[in-house]
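A quick note: this is a predicted structure, and the numbers were derived from the prediction, not measured. All residue numbers refer to positions in the sequence shown, counting from 1.
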Amino acid sequence: METLYYVQTKSILITNDDRIDADGIVRLARAAIEFGEVWVVAPDNQRSAMSHSITLRHSIDAWKVEFPVPGVHAYACDGKPADCVRIGALNIVPGKPDHVFSGINYGYNAASDLQYSATAGAAFEASFQKIHAIAFSEGACENHEVTDRYLKEIIAELLNKPLGINQIWNVNFPGCRLSECKGILRDREVSTDVFYLDRYNETIVSEGRISYMVEGIRNYNAEEGTDLKAIFDHFVSIGIATNIS
């Protein structure tokens, strides 16, 4: 029998950077509905790698949409993930949400790559608005066994765990099979390594003009005690990330 988690809370705002109809946000909302009233405000299109950027010089539109999880209030938005948190918290969710969940991102948000992540950026916006925030990410694959096994358990664990100023909980689920997962590692530090080593391929477009396309080279090295090392070793990684920008 599936375990039920009854953690008392009022409202949860969920966003992502993979668009409102992404599989990850649907699965996160389906898990979150057990913990309180769920509101989704998420981008209408892909908005990855936008970090904590917001829209300032033109308006942002949001509109109510159908969502595949019964009981969820859902709005699509043409802004960025951090915009979704701002208008969700300040305008859409009555009385401001108690928690913000960002994700479940398609691909890890760990190590130095965290600075580019719009999944983390949305969670940091919640922290800026003094709202408890958790960012969720998983390996870029079609296998969700580990995430599905631990998601509700981790939500229940972190909902009532306090955070400091400009801090978020950052959770990464390994993309391995459940049989290969070694469990959960907590208190993981943000690694100073990267998941991909970047290089740019050049293409000459015309005289004096060159096109550059980034190509990631997979890194397999990480320091002990870090989020990246946990992922490489097939553990779920839980840690606190701090926005120092």
Self-check item: Rounded distance [0.5 Å steps], CG in Asp193 versus CG in Leu228
Solution: 6.5 Å
Quiz item: Asp227 versus Tyr108: any side-chain heavy-atom pair under 4.5 Å?
Solution: no
Quiz prompt | Distance in Å, Leu163 CG paired with Ile131 CD1, rounded so as to fall on 0.5 Å steps | solution = 12.5 Å
Quiz item: In Å, rounded to the nearest 0.5 Å, how long is the span from CG of Asn16 to SG of Cys84?
Solution: 8.0 Å
Quiz item: Please, which pairs that meet salt bridge (Lys or Arg N to Asp or Glu O under 4.0 Å) have at least one residue in residues 166-186, sequence neighbours excluded?
Solution: Glu145-Arg177, Glu157-Arg186
Quiz prompt | Heavy-atom donor-acceptor pair, Arg86 side chain to Asn91 backbone, under 3.5 Å | solution = no
Quiz item: Is it true that Val65 and Val41 fall in one hydrophobic cluster, defined by side-chain heavy atoms closer than 4.5 Å?
Solution: no
Quiz item: Out of curiosity, Lys152 NZ to Arg30 CZ, how far, rounded to the nearest 0.5 Å?
Solution: 9.5 Å
Practice problem: Look only at the side chain of Arg47 and the backbone of Gly79, and say whether a donor-acceptor pair between them is shorter than 3.5 Å. | Solution: yes
Quiz item: Can any side-chain N or O of Gln115 pair as donor or acceptor with the backbone N or O of Ser112 at less than 3.5 Å?
Solution: yes
Practice problem: Look only at the side chain of Ser127 and the backbone of Gln167, and say whether a donor-acceptor pair between them is shorter than 3.5 Å. | Solution: yes
Quiz item: Would you say Asp83's side chain and Ile54's backbone share a donor-acceptor pair under 3.5 angstrom?
Solution: no
Practice problem: Considering non-hydrogen atoms only, spot the tightest contact between Ala126 and Ala133 and give its length. | Solution: CB-CB, 3.7 Å
Self-check item: Spatial distance of atom NZ (Lys64) from atom NE2 (His73) [nearest 0.5 Å]
Solution: 7.0 Å
Quiz item: Any link between Val236 and Leu185 through a network of hydrophobic side chains (Ile, Leu, Val, Met, Phe, Trp, Tyr) touching at under 4.5 Å?
Solution: no
Quiz item: Would you find a donor on one side and an acceptor on the other, under 3.5 Å apart, between the side chain of Asp61 and the backbone of Asp78?
Solution: no
Quiz item: Distance-only, no hydrogens or angles: does the His99 side chain make a donor-acceptor pair with backbone N or O of Asn160 under 3.5 Å?
Solution: no
Quiz item: Are more than 12 heavy atoms from other residues, nucleotides or ligands located less than 6.0 Å from atom CD1 of Ile204?
Solution: no
Exercise. Without swapping roles, check the side chain of Asn170 against the backbone of Asn109 for a donor-acceptor pair under 3.5 Å.
Key: yes
Quiz item: Listed by chain and number, what are the salt bridge (charged side-chain N to carboxylate O under 4.0 Å, His left out) partners of Lys96, not counting sequence neighbours?
Solution: none
Quiz item: For Arg188 and Thr226, which heavy atoms make the closest approach, and how far apart are they?
Solution: CD-O, 3.8 Å
Quiz item: Do Val100 and Glu125 have side chains that get closer than 4.5 Å, going by heavy atoms?
Solution: no
Practice problem: Kindly indicate whether the side chain of Ile155, heavy atoms from C-beta on, has any atom under 4.5 Å from the side chain of Glu34. | Solution: no
Quiz item: What's the spacing between Ile20 CD1 and Glu66 CD if we round to 0.5 Å?
Solution: 11.0 Å
Quiz item: Are side-chain heavy atoms of Ser11 and Asp98 found at a separation under 4.5 Å?
Solution: yes
Quiz item: Does a side chain donor of either Glu223 or Ser191 reach within less than 3.5 Å of an acceptor in the other side chain?
Solution: yes
Self-check item: Where at least one partner belongs to residues 100-111, residue pairs that pass salt bridge (Lys or Arg N to Asp or Glu O under 4.0 Å), sequence neighbours excluded
Solution: none
Exercise. Could you go through the side-chain contact (heavy atoms from CB on, under 4.5 Å) check for Asp18 and Asn105 one step at a time?
Key: CA-CA 7 Å; Asp18 292 323; Asn105 188 66; 3.4 Å; yes
Practice problem: Spell out, as yes or no, whether a donor-acceptor pair under 3.5 Å connects the side chain of Asn143 to the backbone of Cys176. | Solution: yes
Exercise. Give the minimum heavy-atom separation between Ile14 and Leu28, together with the two atoms involved.
Key: CG2-CD2, 3.9 Å
Quiz item: Is Glu138 salt-bridged to Arg27, cutoff N-O under 4.0 Å?
Solution: yes
Quiz item: Under the 4.5 Å side-chain heavy-atom rule for ILVMFWY, direct or indirect, which residues accompany Leu114?
Solution: Val190
Practice problem: Look at the rings of Phe128 and His52 and say which category their plane angle falls in: under 30° parallel, 30 to 60° tilted, over 60° perpendicular. | Solution: perpendicular
Practice problem: Over all heavy atoms of both residues, which pair between Val72 and Ala29 is shortest? Give the atoms and the distance, please. | Solution: CG2-CB, 4.3 Å
Exercise. Kindly check if the number of other-residue, nucleotide or ligand heavy atoms within 6.0 Å of CD1 (Ile165) is above 12?
Key: no
Self-check item: Side chains of Val69 and Val38 in contact at under 4.5 Å (non-hydrogen atoms)
Solution: no
Quiz item: Going through the checks in order, is the side-chain contact (heavy atoms from CB on, under 4.5 Å) test met by Leu151 and Phe173?
Solution: CA-CA 9 Å; Leu151 181 57; Phe173 299 96; 4.0 Å; yes
Exercise. Apply the test side-chain contact (heavy atoms from CB on, under 4.5 Å) to residues Val85 and Phe124: give CA-CA distance (whole Å), side-chain angles for both, the deciding distance (0.1 Å), then the verdict.
Key: CA-CA 10 Å; Val85 172; Phe124 279 127; over 6 Å; no
Self-check item: side-chain contact (heavy atoms from CB on, under 4.5 Å) assessment of Ile238 paired with Asp187
Solution: CA-CA 6 Å; Ile238 300 177; Asp187 302 319; over 6 Å; no
Quiz item: How far apart are the closest heavy atoms of Ala82 and Ser53, and which atoms are they?
Solution: CB-O, 3.6 Å
Quiz prompt | All pairs passing ring-ring contact (aromatic ring centres under 6.0 Å, His included) where residues 141-161 contributes a residue, at least two apart | solution = none
Practice problem: Give me the one residue out of Ile134, Leu159, Ile154 that meets side-chain contact (heavy atoms from CB on, under 4.5 Å) with Trp169. | Solution: Ile134
Practice problem: Mind listing the closest non-hydrogen atom pair of Phe101 and Ala32 along with its distance? | Solution: CE1-CB, 3.8 Å
Self-check item: Pairwise ring-ring contact (aromatic ring centres under 6.0 Å, His included) hits with a residue in residues 199-225, at least two apart
Solution: none
Quiz item: Ignoring hydrogens and geometry, is there a side-chain-to-backbone donor-acceptor pair from Ser211 to Thr203 under 3.5 Å?
Solution: no
